Amino acid sequence: MNVNRRQILYAGLTGGALLLAVPSLLPAHPPGDRRLIFIIQRGALDGLQAVPPVGDPDFGGMRGVLGEVAGVQKLDSMFGLHPSLAGVGKIYAQKQALFVHAVASPYRDRSHFDGQNVLESGGLQPFDMDNGWLNRLMGLESGLNAVSLSAGVPLALAGPNTVASFEPAPVGRINQPLLDKVSALYADDAQLHPLWEEAVDTRKLAYDIQQGEPKTATQAERLARLTTGFLKAPNGPRIAMIETQQWDTHTQQISRLKNQLSQFDLLLTGLQAGLGDMWKNTLVIAATEFGRTVSINGTGGTDHGTGSVAMLFGGTVAGGRVVADWPGLKRAQQQDGRDLKPTTDLHAVISGAVADHFGLPPSKVAQTLFPERSVTPLRDLIRT
Amino acid sequence: MQQAIALNRFGLGAKPNQPAPGDPRTWLQDQLTRFDARPAPIAAVPDYAAVTAETQKIREAQRAARTMSPEAQADARAMNGNLRALMNQHVQARVAAAVASDTPFVERLVHFWANHFAVSTNKADIMVGAGPFEFEAIRPHVLGRFSDMVMAVEYHPVMMSYLDQPVSVGPNSPMGQRFAKRRMGLNENLAREIMELHTLGVRSGYTQADVTEFARALTGHTIVGMGVAADAPGNYGSSYFMAEIHEPGERTVLGKRYPAGQAEQSRAILADLVARPETAKFVATKLARHFVADDPPAPLVARMQQAFLASGGDLPTVYRALIASPEAWASPLSKFKTPWDWTISVWRGAGADPEMMATTQSLLQRLGQPVWQPGSPAGWSDFNASWAGSDELMRRVDAATRMFARNPQPMSPALAQSLLPGTLRPQTSKVIASAPPPQQLALLFVSPEFQRR
């Protein structure tokens, strides 16, 4: 009897000592300090121009004038970075940016609307699910509130958990007596009451953030300031979603992408600067619905394709590298003889990165975010 | 209640000085015979021919200025303001027609179809064409056959321009062969969106090969003055078939073979697409979703689909099936008004003056739905979740408050009753009565029962 009790005490002591001796078994960070930003790139970003595989022997031949490499920053022996992404290149040099190339969601057709639906819902087929993987993520840990920097809540954040949305634009002064009257109008309305309460809180916070904003700030800089302001607010959201549009470069791709990527670069450097210390606890995921054709089309652009690039940024990212199981660019190596063949599952990237970033069980994250099929989370994307 | 449904779910909101509809179903059906496709506000603005003539004049002046002084170049650039002014005239005409309309159900159908066949002025080429496109390709066909509307829409220069058709060149066409080294080729955008968004609907069984074949058939349809058709005969900006860029040969789409046929080849394919049951189902579902519920009742959709097929796509027959269906009259009100519907119903309910209505486009910009500027060819979303968000709600409250901030008159309680017959809640009346007069109309217009339909 005594022995048994001693054994139990001993076991308990050992267990406790083990935990103390090996801190990595405990969460490395107190709960609540991790932040996630999801940037959606609507319209299908051409990953082959943003992160060009300049080391592929077929790159120049397949791409025509889109294969121009002047000014491209070398990332490794295979990949480079578009000249408009200089700020992103610095984050890469700090080993806080990681690109996953030849990546795609399970969607294999070429409709923006369907592709974005799969990207945001996390379903297997378009319109399988009417809520989004970011909203379902909110349910995995208490206090994971979210804000969308957009007019309306996009599908990725739509679902049972209430989400704030704020269209990035200047707000005026707060008229409290009027807000109270409106609250009374919606008091008994199950749909509008929570939306309104959320709106009032968000409005007051946005008003505070925008005080002192430089008049000359660009849209990307304002967006970064707002996003970081929300994420830094006490009891504020810990997840933010940012909309970017117009990646659909069927024509004049060179000049259009130059402009698009410059704005994206300003946004990323603005997020890093704006978050300050919080950047080290932040993960930024940027993803698009699908890629574009390998070859240039008849109008100086590219058409809807399959594989593209996904981007991870932030202090928790095991960055400074490009992750790719490179399929090659020869016609026979292309998806359907036209697109970059996807070799990495975007859902594996998202579930692995998000699980390790928040210290959540990877299999549970994969099942919750992408419940319609079996996804094996990629585990080496986040520093542990 | 049925009156409120007729006025709001099917219409554009009540006007205080108009008598309430007697029998709601009859009121809607009668509108199908009374509709004016070219009401005064629309007849008064420049048509497509006029705006393209103006565009051509400006482009030529800008070209000529390239070799002139910097001042002359700046003046030429400033002429783009004329185009923006033209577009504003068209927006105002659309607003004025909707606010004045005594056939609001059919106006709503015009807005529905313009969104189904969405174009966006975000693309600079078509900025001044969006209004005339709706007025000339949609409005005259809203009470006709679906196939006639499709033919008017898909070959309209504004739609072709929006979906990159003018630059699509058949690789084996005479010009495609001659300039094989130049970057000229097929562009699938129009073919894909016709199948995916305008007729069959996405995932209805067609393949990438069908899209490509249809795109080949469509080559040659282009626009005078644009790209390869820069020197084509005819009025600048008008549709033009250019045989030199048409891909020769027969095509196979959805298993059916179409002999070589120049300009008529794609029309033959399109005629078959609009007659397919997938198209009937897609159109019926979208109409039912727009008017009744995000997830429309299956029997309602089936009845409308059947009406479409049995009548050969006669749209009034489909609308009558909608009106006659009990599901279309069910409560509670489940749809949340889009910013456009909400704004028009506010103007109607408040008896807005032209000065107020002139703010519509900037207001809709703030509310997230500027006229003719959807973000994609899919048009604006018709799902509640896209519009009933916390920020949207706040923006409507802001907008409504600003509209009436200088209105010293207390609101008449009879107004709320006449705008919301049978749906006005005592709570809303109570809150309005407790508010200072400049806030009263605003509170009525942001009430749950006014924002839903």
Side-chain angles (χ1 to χ4, degrees), chain A residues 42-43 64-65 109-114 125-127 130 148 150-155 158 162-167 169 171-172 175 177-179 181-182 184-189 191-192 194-203 245-246 248 250-251 296-301 303-304 336 338, chain B residues 122 164 167-169 171 176 182-189 192-193 196-197 202-203 208 211 227 294-295 336 366-369 375-378 381 383-395 397-398 401-402 425 427-428 430-432 434-436 439 442-443 446-448 451-452:
Chain A
R42 294 188 192 276
V65 293
D109 286 320
R110 295 180 185 86
S111 149
H112 292 301
F113 325 108
D114 281 6
Q125 298 286 332
F127 300 95
D130 61 4
S148 174
S150 58
V153 176
L155 177 62
T162 305
V163 171
S165 77
F166 184 81
E167 187 180 11
V171 301
N175 180 343
L178 176 73
L179 299 185
K181 294 279 180 224
V182 179
L185 270 185
Y186 298 155
D188 301 329
D189 194 295
Q191 180 192 23
L192 299 185
L195 291 175
W196 179 248
E197 296 299 310
E198 187 78 59
V200 171
D201 290 347
T202 307
R203 166 61 56 99
Q245 316 255 2
Q246 296 182 10
D248 193 16
H250 286 283
T251 60
I296 189 167
N297 67 11
T299 54
D303 294 323
H304 303 180
D336 303 329
R338 54 179 271 162
Chain B
N122 290 340
D164 302 324
V167 294
S168 186
V169 173
R182 296 234 319 246
R183 287 172 286 124
M184 270 186 191
L186 209 56
N187 189 302
E188 296 174 352
N189 215 6
R192 181 185 307 283
E193 306 305 23
E196 174 179 329
L197 299 174
V202 72
R203 291 182 315 286
Q208 173 64 44
V211 172
D294 280 8
D295 201 2
F336 195 76
R366 284 202 302 281
L367 298 180
Q369 198 187 22
S376 84
S381 164
F383 289 92
N384 283 331
S386 306
W387 305 112
S390 65
D391 192 40
E392 287 83 350
L393 208 48
M394 181 60 88
R395 279 170 190 279
V397 170
D398 280 347
T401 313
R402 262 197 298 271
R425 302 173 312 154
Q427 171 73 356
T428 298
K430 204 176 99 193
V431 172
I432 291 173
S434 75
Q439 290 179 4
L443 288 166
V446 300
S447 67
Q451 294 201 73
R452 292 209 180 93

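None of the values given here were measured: they were computed from a predicted structure. These values consider heavy atoms only, across backbone and side chains, with no hydrogens, waters or symmetry-generated copies. Order of the sequence lines sets the chain letters (A, B, ...), proteins ahead of strands, with each chain counted from 1.
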J.: Please state whether the side chain, the backbone, both or neither of B:Phe336 comes within less than 4.5 Å of a heavy atom of chain A.
T.: side chain

J.: For chain A, which candidate among B:Val167, B:Leu443, B:Thr428 shows the most heavy-atom pairs at distances under 4.5 Å?
T.: B:Leu443

J.: For A:Tyr186 and B:Val446, which heavy atoms make the closest approach, and how far apart are they?
T.: OH-O, 2.6 Å

J.: Can you say whether A:Gln245 sits under 4.5 Å from chain B via the side chain, the backbone, both, or neither, judging by heavy atoms?
T.: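 For A:Gln245, no heavy atom lies under 4.5 Å from chain B.
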
J.: Mind listing the closest non-hydrogen atom pair of B:Met394 and A:Ala199 along with its distance?
T.: CE-O, 3.6 Å

J.: Please say whether more than 12 non-hydrogen atoms of neighbouring residues, nucleotides or ligands are located less than 6.0 Å from CG in A:Asp336.
T.: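 Yes, the 6.0 Å shell around CG holds more than 12 heavy atoms from other groups.
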
J.: I need the minimum non-hydrogen distance between A:Val163 and B:Ser390, along with the two atoms involved.
T.: O-OG, 4.3 Å

J.: To the closest 0.5 Å, what do you measure between CG (B:Asn187) and OG1 (A:Thr299)?
T.: 5.0 Å

J.: Counting C-beta onward and ignoring hydrogens, is there a side-chain heavy-atom pair between A:Gln191 and B:Pro448 closer than 4.5 Å?
T.: no

J.: Go through B:Asp391 and A:Thr202 one step at a time and tell me if the side chain to side chain contact (heavy atoms under 4.5 Å, CB included) criterion holds.
T.: CA-CA 8 Å; B:Asp391 192 40; A:Thr202 307; over 6 Å; no

J.: Side chain, backbone, both or neither: which part of A:Ala184 has a heavy atom under 4.5 Å from chain B?
T.: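 Looking at A:Ala184, backbone and side chain both touch chain B.
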
J.: Rounded to the nearest 0.5 Å, what separation is found between the CG atom of B:Asp398 and the CZ atom of A:Arg203?
T.: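 These two atoms lie 4.0 Å from each other.
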
J.: Among the options B:Ala442, B:Gly227, B:Ser386, B:Ser434, pick out the one with the most heavy-atom pairs lying under 4.5 Å from chain A.
T.: B:Ser434

J.: Output the option from B:Gln369, B:Arg366, B:Arg425 having the highest count of non-hydrogen pairs under 4.5 Å with chain A.
T.: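 Heavy-atom pair counts peak at B:Arg425.
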
J.: Output all residues satisfying side chain to side chain donor-acceptor pair (under 3.5 Å) with A:Asp114, sequence neighbours left out; order by chain, then residue number.
T.: B:Arg203

J.: Out of B:Gln451, B:Gln208, B:Gln427, B:Lys430, which one racks up the most heavy-atom pairs below 4.5 Å with chain A?
T.: B:Gln208

J.: What part of A:Asn175 is in contact with chain B, defined as an atom under 4.5 angstrom from a non-hydrogen atom: side chain, backbone, both or neither?
T.: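 For A:Asn175, the contact with chain B is made by the side chain alone.
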
J.: So which of A:Gln246, A:Gln125, A:His250, A:Glu197 has the largest heavy-atom pair count under 4.5 angstrom toward chain B?
T.: A:His250

J.: Say you draw a straight line from CD of B:Glu196 to CG of A:Asp109; how long is it, rounded to the nearest 0.5 Å?
T.: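 One finds 9.0 Å between CD of B:Glu196 and CG of A:Asp109.
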
J.: Counting heavy-atom pairs under 4.5 Å to chain A, which of B:Leu197, B:Asn189, B:Val169, B:Val202 comes out on top?
T.: B:Val202

J.: Which bit of A:Arg110 is near chain B, if near means a heavy-atom gap under 4.5 Å: side chain, backbone, both or neither?
T.: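 For A:Arg110, backbone and side chain are both near chain B.
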
J.: Measuring from atom CG of B:Asp164 to atom OG1 of A:Thr251, what distance do you get when rounded to the nearest 0.5 angstrom?
T.: 6.0 Å

J.: Sequence neighbours left out, what passes salt bridge (charged side-chain N to carboxylate O under 4.0 Å, His left out) with B:Arg192? Give chain and number order.
T.: B:Glu188

J.: For the atom pair NZ (A:Lys181) and CD (B:Gln439), what is the distance rounded to the nearest 0.5 Å?
T.: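 CD of B:Gln439 is found 7.5 Å from NZ of A:Lys181.
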
J.: What part of A:Leu155 lies closer than 4.5 angstrom to a heavy atom of chain B: side chain, backbone, both or neither?
T.: neither

J.: About how many Å separate NE2 of A:His112 and CD of B:Glu193, when rounded to the nearest 0.5 Å?
T.: 7.0 Å

J.: Which bit of B:Arg452 is near chain A, if near means a heavy-atom gap under 4.5 Å: side chain, backbone, both or neither?
T.: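 When you check distances to chain A, only side chain atoms of B:Arg452 fall under 4.5 Å.
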
J.: Which atoms form the tightest heavy-atom contact between B:Leu186 and A:Asp303, and what is the distance?
T.: O-OD2, 4.3 Å

